[in-house]
Amino acid sequence: MVDQVVDTLREIILNGEFSPGEHLVQEVLADRLGVSRTPLREALRVLEEEGLIVLSDNQGVCVVPVTYSMARDYYFVRESLDGLAARLAAQRGNEQDFDDLERILKQMTDYVKVWNPDAWLRTNLAFHSAVSSAAHNDILARHLDGVIQVSARLFFPTIRIHRDRAQEALREHCDIVDAIRQRDGSRAEALARLHIRTARELLAASQSQQLIAGD
């Protein structure tokens with residue numbers, strides 16, 4: 001029961017139904033999910049450990065505010081982990097992994113052409129998760145997948161995603177996949193790290209324009 005509540009609440013928060021910094025009422029959440037307060041409280045403690053919510057001493061619940069320093073730190077971690085995932089994907093990935101990456105790139109291409117930012121964001125998340133999967137390293141996946149979920153789905157909706165940047169990101173993704181298919185681990189890692197570093201620089205530019213909610 002607790003795991004189900006955790007999964008449901010995590011999905012709701014990451015989908016942006018609750019705004020960063022929004023206060024939540026436990027009674028309302030319990031009624032909505034059809035559970036008692038006990039599994040809800042346990043689930044909230046798990047989500048607090050994941051960094052998605054903040055619990056106060058009086059058991060008030062608040063969706064974690066999105067700050068520039070928090071986003072920056074997530075992307076510093078992602079630069080290393082995404083780079084390692086790309087290197088391992090080049091070394092350990094199989095043809096099915098590569099086909100999955102190509103399929104996602106095709107979807108991203110379609111969404112950039114018609115410019116559907118919500119669909120693009122979902123496929124961007126799927127792309128990075130697919131690289132993590134292609135690395136075939138369960139320990140890395142456990143750490144990276146959570147960071148990808150939070151950074152891509154919690155932070156990016158708070159900044160303005162432009163079509164031009166989406167096109168650039170798509171080209172970067174294509175280069176990463178090309179390096180992975182060529183089994184060039186060093187190049188794949190370098191390109192993946194550069195891709196995340198570029199995203200971090202985008203966040204820094206957004207901060208300077210006061211586009212990050214919560215700062």
Side-chain angles (χ1 to χ4, degrees), residues 7-22 47 50-53 63-79 81-83 85-86 99-134 144-178 180 191-215:
D7 291 342
T8 301
L9 281 177
R10 184 192 295 115
E11 188 69 17
I12 291 173
I13 293 171
L14 292 176
N15 280 338
E17 185 169 338
F18 299 133
S19 302
E22 181 176 346
L47 294 176
E50 293 183 2
L52 290 178
I53 64 168
V63 179
V64 66
V66 179
T67 64
Y68 168 67
S69 60
M70 182 181 183
R72 177 199 60 202
D73 289 347
Y74 265 98
Y75 275 89
F76 272 123
V77 172
R78 277 201 62 183
E79 183 176 338
L81 295 183
D82 277 58
D99 289 345
D100 290 342
L101 288 167
E102 294 285 1
R103 174 181 52 79
I104 295 170
L105 288 180
K106 174 63 169 58
Q107 293 174 341
M108 296 193 80
T109 300
D110 293 340
Y111 292 137
V112 167
K113 286 180 180 179
V114 299
W115 191 224
N116 184 331
D118 290 335
W120 180 87
L121 183 62
R122 289 194 300 272
T123 50
N124 179 64
L125 172 65
F127 173 82
H128 289 285
S129 294
V131 174
S132 175
S133 177
L144 180 56
D145 289 350
V147 175
I148 290 173
Q149 291 274 345
V150 175
S151 60
R153 297 175 68 178
L154 186 59
F155 295 134
F156 261 96
T158 69
I159 67 175
R160 295 170 186 165
I161 304 174
H162 295 291
R163 185 180 184 184
D164 288 346
R165 172 54 198 157
Q167 291 174 325
E168 293 173 0
L170 176 60
R171 287 192 291 270
E172 293 165 9
H173 286 173
C174 290
D175 289 341
I176 293 169
V177 172
D178 179 68
I180 290 174
L191 289 170
R193 291 178 68 101
L194 176 60
H195 175 65
I196 299 301
R197 189 158 60 247
T198 301
R200 190 175 71 243
E201 291 169 354
L202 173 63
L203 285 167
S206 298
Q207 162 68 11
S208 68
Q209 300 170 30
Q210 297 183 338
L211 295 179
I212 296 291
D215 262 7

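Reckoned from all heavy atoms, side chains included, excluding hydrogens, waters and symmetry mates.
Shown are Val177, Asp178, Leu170; of these, the side chain to side chain contact (heavy atoms under 4.5 Å, CB included) with Cys174 is made only by Leu170. Just one residue in the list Gln107, Lys113, Lys106 forms a side chain to side chain donor-acceptor pair (under 3.5 Å) with Asp110, and that residue is Lys106.
For the atom pair CG (Asp145) and CG (Leu81), the distance works out to 10.0 Å, reported to the nearest 0.5 Å. The CD1 atom of Ile104 sits 8.0 Å away from atom OG of Ser129, with the distance rounded to the nearest 0.5 Å. Between atom OH of residue Tyr75 and atom CG of residue Leu202 there is a gap of 8.5 Å, rounded to the nearest 0.5 Å. With values rounded to the nearest 0.5 angstrom, Phe127 atom CZ is found 10.0 Å from Glu172 atom CD. From Leu191, atom CG reaches atom CD1 of Ile180 across 9.5 Å, with rounding to the nearest 0.5 Å. Atom CD1 of Ile148 sits about 12.5 Å away from atom OH of Tyr74, to the nearest 0.5 Å.
Applying the salt bridge (Lys or Arg N to Asp or Glu O under 4.0 Å) rule to Glu102 yields the partners Arg181; only residues at least two apart in sequence or on another chain are considered.
Of the possible polar contacts, none joining the Arg72 side chain to the Arg200 backbone as a donor-acceptor pair under 3.5 Å is found. A donor-acceptor pair under 3.5 Å is formed between the side chain of Thr109 and the backbone N or O of Leu105.
In this structure, His173 and His128 have perpendicular ring planes: the angle between them is above 60°, well past the 30° mark.
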*Give the C-alpha distance, both sets of side-chain angles, the deciding distance and a yes or no for side-chain contact (heavy atoms from CB on, under 4.5 Å) between Val131 and Asp82.*
CA-CA 8 Å; Val131 174; Asp82 277 58; over 6 Å; no
*Let me see the working for Thr198 and Glu168 under side-chain contact (heavy atoms from CB on, under 4.5 Å), right down to the final yes or no.*
CA-CA 10 Å; Thr198 301; Glu168 293 173 0; 5.6 Å; no
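Of all the heavy atoms in Met108 and Trp120, the pair that sits closest is CE-NE1, 3.3 Å. Between Ala192 and Ile176 the shortest heavy-atom distance is CA-CD1, 3.8 Å. Glu22 and Glu17 make their closest contact through OE1-O, 4.4 Å (heavy atoms, listed as atom of the first residue, atom of the second, distance). Of all heavy-atom pairs spanning His195 and Ala169, the tightest one is CE1-CB, 4.0 Å.
Of the charged side-chain nitrogens involved, none lies within less than 4.0 Å of a carboxylate oxygen, so that Arg122 and Asp118 do not count as a salt-bridged pair.
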